[in-house]
Amino acid sequence: MKVPFIDFTEQHQTIKKEIETGFKEVFRRGDFVLGKAAEEFEAQFAGYCDSKYGVGVNSGTDALYLAVSALDINLGDEVIIPPFTFIATALCISYTGAKPVFVDIEDETYNLDPKKIKQAITKKTKAIMPVHLYGQTADMDEINSIAKEYGIAVIEDAAQAHGARYKGKRSGALGEVACFSFYPTKGLGAYGDGGIVVTSNKDIYEEVKMLRDYGREGRYKHKVKGYNSRLDTLQAVVLSAKLKHLDKWNEQRSNHAAYYGKLLKGIKGVKVPVAKNDRTHVYQTFAIRVKNRDAVCAELQKRGIGVLIHYPIPIHLQEAYRELKHKKGDFPVSEALCEDVLSLPMFPHMTKKQIEFVCENIKELVKK
Ligand SMILES: *Cc1c(COP(=O)(O)O)cnc(C)c1O
């Protein structure tokens with residue numbers, strides 16, 4: 001048996017017809033950029049997130065960059081992020097000239113630790129950017145109350161958390177502004193690159209809308225030096241078709257996670273993810289912690305099981321961020337995770353048999 005890390009072929013079958021019809025419509029209209037379907041999807045997705053506005057952009061990275069820019073974060077400013085995340089969380093801050101300031105994560109949820117935020121706040125801090133890692137939201141009440149106390153903004157990096165809820169509220173409505181990625185492997189993925197900025201703040205909405213379209217106010221009137229970063233109309237067709245199924249697919253992921261949890265429970269040397277009961281986990285990634293990770297990872301791959309490591313190196317120890325002069329030991333919780341975390345196959349249409357096969361192999365390998 002082979003178990004791929006991700007396989008969306010079956011998922012595609014359920015939306016194929018709708019996508020073909022939608023594509024034909026776009027071909028007929030010819031509105032490939034900023035078209036009707038893109039505008040419709042922006043409204044649908046914002047509504048899905050319990051938010052007012054959505055602005056479709058080129059990628060999750062651009063969504064973050066434009067959101068940070070819209071908050072007027074510039075050279076000399078600081079933004080707080082966790083070091084255990086995808087590099088784009090930090091890059092979007094660096095693009096503006098601002099500095100990412102790291103705060104370690106909680107050992108339980110792998111998300112930004114609210115208890116450690118205050119000590120990292122300075123006069124230059126403009127925002128906190130929690131990442132809802134793997135599909136579970138950060139502790140947003142705690143984070144928002146700190147932000148309020150210091151008069152700084154909260155930007156959600158929700159690139160892995162489409163549809164996740166915190167105390168009943170969707171990710172996308174848990175800060176001033178939220179950013180999602182539609183990279184194909186994300187919980188809601190396009191058939192190419194894409195992203196969206198979601199907010200209920202009209203000023204941020206208008207600013208991001210201008211920034212993604214050459215800083216335009218009228219057709220040839222440019223208020224600021226903007227960018228070319230728009231969500232393709234064809235991608236919006238795919239995303240609209242998928243959005244209708246997202247809650248069901250997230251539920252399937254959650255059922256798979258529960259089955260993994262059941263089969264891996266009590267195995268010495270394996271720790272399964274903890275889902276807090278005041279929020280939902282959408283399991284964009286199902287990551288366990290495992291003893292002898294590198295050996296287990298290599299052997300599973302050899303046996304045809306798709307496993308990956310998210311993430312092997314924390315951002316503060318990446319060469320790209322050497323100028324920040326961090327060293328090993330600065331953020332021990334993040335560093336420990338990089339040593340033993342392992343992402344298992346996870347996609348809505350995987351089968352129980354596949355999960356059983358993965359778990360049997362893990363069981364055998366950790367015993368060694
Ligand atoms: C995927 C991801 C991004 C970047 O999104 P892209 O669409 O790939 O640019 C940013 N942050 C996190 C946490 C991600 O997982």
Side-chain angles (χ1 to χ4, degrees), residues 5-6 8 41 45 54-69 79-96 100 102-103 105 109-112 127-138 140 143 154-164 171-172 174-175 177-198 208 211-212 227-232 235-236 238-239 242 253 273 281-287 308-316 318 320-321 334 337-338 341 343 346-347:
F5 184 67
I6 277 177
F8 290 142
F41 172 72
F45 192 75
V55 186
V57 296
N58 262 347
S59 67
T61 305
D62 271 12
L64 288 163
Y65 174 45
L66 298 190
V68 171
S69 303
V79 179
I80 289 173
I81 60 166
F84 187 68
T85 174
F86 183 58
I87 189 86
T89 312
L91 292 177
C92 65
I93 299 161
S94 304
Y95 295 159
T96 68
F102 303 109
V103 165
I105 53 173
T109 63
Y110 316 150
N111 281 325
L112 206 52
I128 308 171
M129 190 189 287
V131 180
H132 306 319
L133 201 79
Y134 299 152
Q136 176 167 236
T137 63
M140 296 307 290
I143 292 167
V154 173
I155 307 165
E156 292 176 71
D157 182 344
Q160 304 184 359
H162 315 69
S171 65
L174 302 172
V177 56
C179 305
F180 293 84
S181 163
F182 299 130
Y183 184 75
T185 59
K186 305 284 163 140
L188 181 64
Y191 289 170
D193 274 309
I196 196 167
V197 177
V198 168
V208 172
L211 286 173
R212 73 155 174 193
Y227 310 89
N228 175 357
S229 181
R230 301 162 302 204
L231 179 69
D232 286 336
Q235 296 300 348
V238 174
L239 293 163
K242 284 191 170 187
R253 286 176 186 272
H281 197 317
V282 292
Y283 296 102
Q284 203 268 148
T285 300
F286 185 86
L308 291 170
I309 297 167
H310 302 103
Y311 299 90
I313 306 170
I315 300 183
H316 69 281
Q318 291 283 359
Y321 279 100
S334 296
L337 265 152
C338 291
V341 82
S343 307
M346 173 58 84
F347 49 96

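Owing to the predicted nature of the structure, the values given are computational and were not obtained by experimental measurement. All ligand and atom numbering here is 1-based and tracks the order in the structure.
- Between S181 and ligand 1, an N or O atom pair is found at a separation short of 3.5 Å.
- A cation-pi contact, defined as under 6.0 Å to the ring centre and within 45° of the axis, links K242 to F8.
- For the atom pair CG (L239) and CG (D232), the distance works out to 10.5 Å, reported to the nearest 0.5 Å.
- Taking distance alone, with nitrogen or oxygen atoms compared against 3.5 Å, Y183 stays at or beyond that limit from ligand 1.
- Below 30°, between 30° and 60°, or above 60°: for F84 and Y110 the angle between ring planes is above 60°, a perpendicular geometry.
- By the neighbour-count criterion of 12 heavy atoms within 6.0 Å, atom CZ of F347 is densely surrounded, having more than that number from other residues, nucleotides or ligands.
- Close contacts of ligand 1 with T85, meaning ligand atoms under 4.0 Å from a residue heavy atom, involve 13 (C).
- Within the listing of ligand 1, atoms 5 (O), 6 (P), 7 (O), 9 (O) sit less than 4.0 angstrom from a heavy atom of G60.
- Between Y311 and F86, the two ring planes are tilted [angle within 30° to 60°].
- For Y227 and Y95, the distance between ring centers is not under 6.0 angstrom.
- Looking at ligand 1, you won't find any N or O of A159 less than 3.5 Å from one of its N or O atoms.
- Proximity to Q160 (heavy-atom distance under 4.0 Å) selects the following atoms of ligand 1: 13 (C), 14 (C), 15 (O).
- Within ligand 1, the atoms closer than 4.0 Å to a non-hydrogen atom of V131 are 13 (C), numbered from 1 in the order shown.
- If you check which protein heavy atom lies closest to atom 1 (C) of ligand 1, you get K186 NZ, 1.5 Å.
- Using modelled atom types, one finds no donor on one side chain facing an acceptor on the other under 3.5 Å when comparing Y134 with S343.
- Nearest protein heavy-atom neighbour of atom 11 (N) of ligand 1: D157 OD2, 2.8 Å.
- Residue-ligand proximity, F86 to ligand 1, at heavy-atom distances under 4.0 Å covers atoms 2 (C), 3 (C), 12 (C), 14 (C).
- Across Y183, F180, Y283, a single residue satisfies ring pair (Phe, Tyr, Trp, His ring centres under 6.0 Å) together with H162, and that is F180.
- By heavy-atom distance, the residue among L91, T61, T285 lying nearest atom 9 (O) of ligand 1 is T61.
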